[in-house]
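Report on the following structure.
Convention: sequence-line order gives letters A, B, ...; per-chain numbering from 1.
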Protein chains: 2
Amino acid sequence: MTVTVVGSIAFDAVKTPWGQRDRLLGGSAVHFALSASFLADVRVVGPVGDDFGEAEVDVLRARGVNVDDIEHVPGGKTFFWSGEYEYDLNNRHTHDTQLNVFADFQPKLSEASKDADVLFLGNIQPDLQREVRQQCEGARIVGLDSMNLWIETARDSLIRTIEGVDLLVINDAELRQLTGTPNLVQAAREALGWGPTAVVAKQGEYGSALFSADRFFALPAYPLETVVDPTGAGDSFAGGLFGYLAAHPDEGLTDELLRRAMAYGTALASFNVEEFGTERIQRLTHDEVRDRVAELHAITDWVDVPVELRA
Amino acid sequence: MTVTVVGSIAFDAVKTPWGQRDRLLGGSAVHFALSASFLADVRVVGPVGDDFGEAEVDVLRARGVNVDDIEHVPGGKTFFWSGEYEYDLNNRHTHDTQLNVFADFQPKLSEASKDADVLFLGNIQPDLQREVRQQCEGARIVGLDSMNLWIETARDSLIRTIEGVDLLVINDAELRQLTGTPNLVQAAREALGWGPTAVVAKQGEYGSALFSADRFFALPAYPLETVVDPTGAGDSFAGGLFGYLAAHPDEGLTDELLRRAMAYGTALASFNVEEFGTERIQRLTHDEVRDRVAELHAITDWVDVPVELRA
């Protein structure tokens, strides 16, 4: 089945302790799409400028991603982000954000994109997310990501948008900020009250946590000795997750399915951060994905053996 | 089998968003011992002053903990710590630390304590930890915790002490600090190079991670809607972990055993933080422990179902 993703298509300039790159293919929709493409048909919706050439489009095409709804804005420049990570990679500083063609973006979805089984509303202005959501009335599963900027500047609109989606996927710190609730379990419960079937809190190097009506699940990140560039890890995670959901159209949004979907998201995100930008994912093989999911299972598996308690 | 724990026995004054208490029974050895007592015979070694009365000793006795090696220092005052947690409980501020009888503490272990199968060197000065370790030459498993104070003031001594133990259990931030390595996997590898069979990194609300020669395991914390007082969570975790190891003398320090031991530590730590000080653990039942371990298994369990990969 098909996933449509709406979000940023970008050039990133990234500096990390392991080096720097001035112009990497990036953006939430790109990282999401490349990751999801291992599991489902993917269609990308988003604007680019004159500087976005065939080489960039070919990276998506090479993974079978449909690029018909990438909107070329004549005379425009592609969204640009520049940032730097501290030595421990947990803190990042944005040096520059140039919205460029994104400033006036009005999503126009083709019929094929509207008809997608699964829709992911990447991190863009919540009014735009809601417009897209309305264009895809028939979508079986709708997911949404957001960020501190929209929580601070458009919280009411964001909550209205969340009311119309099935799955909220968001950083844990932003879930706390969005709900004004420091305890993550309470924060997730509040967000579930707005309508979604489930909430997935992304926790960076600690992994991710799944909250649904009466259940909880937590999955660690895959342990890596070297993380070269964390940019796009959350988008790759979401791409694997929603790709897996799209690949299982007959199962409904069950807790068991979501757990397995998170494992694929986790595995794909772990590859994403091993090199700069999309470099690692571009040459990722099926066997590598399978092996990493199997390893992830091995490092989370344990047996509860009864023990005699005392005193 | 028996666990001997050496560490602080304290009175704590704690303020959290849910209230405050001026005089709680606390200290690393106390939290460790109460937790371990659900799984093994426990002996506590540490000094107290005149202000430490029968009521406090009875809390330990009620859980079957042997208190023969609690050393009463006539005219002395018990170790006192006062601190406050911020609203999100992740940051804590120490207002006051009075070493009191701990300032001149020279551990004196009875033959019975020296003969313990398992020894845990709670967070005290590393020279003292090494002295105790030398008194317990026959211990089958020796564990150690430490903290930023000793990393900053006695790092060389601490590393020498770690060289003589089987299991290092330490906060992840302190493992990074100790090794000067921001990546946790690399930091654990460096610490393993000093001699321990395994390293357990405590990650607070995110759970814990186990590193051994060629394996990794991660376990989330049990999700709680209300954490009343995080004080002693790490010590309760270690108590459950080492109590479980002591309860399985025939298994060796295998990865599988350590995983199950971490689950008991995680369950006991989750109860510890539900109320102030030792209040919750004092009335904890066997059924509650068993149920929480089972729940912990349920929230970490997932099945790796093969999926057809694409493109």
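Among A:Ala294, A:Ala218, A:Gly64, A:Ala62, the residue making the largest number of heavy-atom pairs under 4.5 Å with chain B is A:Ala218. Counting heavy-atom pairs closer than 4.5 Å to chain B, the top-ranked of the candidates A:Val227, A:Leu224, A:Val65 is A:Leu224. Among A:Pro306, A:Pro223, A:Pro220, A:Ala247, the residue making the largest number of heavy-atom pairs under 4.5 Å with chain B is A:Pro223.
In this structure, chain A has heavy atoms under 4.5 Å from both the backbone and the side chain of B:Thr300. When heavy atoms are compared at a cutoff of 4.5 Å, A:Asp41 approaches chain B by way of both its backbone and its side chain.
Here the closest non-hydrogen pair linking B:Tyr264 and A:Leu309 is CE2-CD2, 4.4 Å. Between B:Ala298 and A:Arg259, the shortest heavy-atom contact is O-NH1, 2.7 Å. The shortest non-hydrogen separation linking B:Ser37 to A:Ala311 is O-CB, 4.1 Å. The shortest heavy-atom contact between B:His248 and A:Val307 is CE1-CG2, 3.7 Å.
The local environment of CD in A:Glu225 is crowded, with over 12 non-hydrogen atoms from other residues, nucleotides or ligands closer than 6.0 Å.
Residues from residues 204-216 of chain A that place a non-hydrogen atom less than 4.5 Å from a non-hydrogen atom of chain B comprise A:Glu205, A:Tyr206, A:Phe216, given in numerical order. The stretch residues 279-290 of chain B places B:His286, B:Val289, B:Arg290 near chain A, each with some heavy atom under 4.5 Å from a heavy atom of that chain. Near-neighbour residues of residues 179-189 of chain B relative to chain A, defined by a heavy atom under 4.5 Å from a heavy atom of that chain, comprise B:Pro182, B:Asn183, B:Val185, B:Gln186, B:Arg189.
Checking side-chain atoms of A:His297 against main-chain N and O of B:Val303 turns up no donor-acceptor pair under 3.5 Å. Checked by atom type and distance alone, the side chain of B:Arg260 never pairs as donor or acceptor with a backbone atom of A:Val305 at under 3.5 Å.
With rounding to the nearest 0.5 Å, the separation of CE in B:Met262 from CH2 in A:Trp302 is 10.5 Å.
Evaluation of the side chain to side chain donor-acceptor pair (under 3.5 Å) rule for A:Tyr222 yields A:Glu295 as partners, not counting sequence neighbours.
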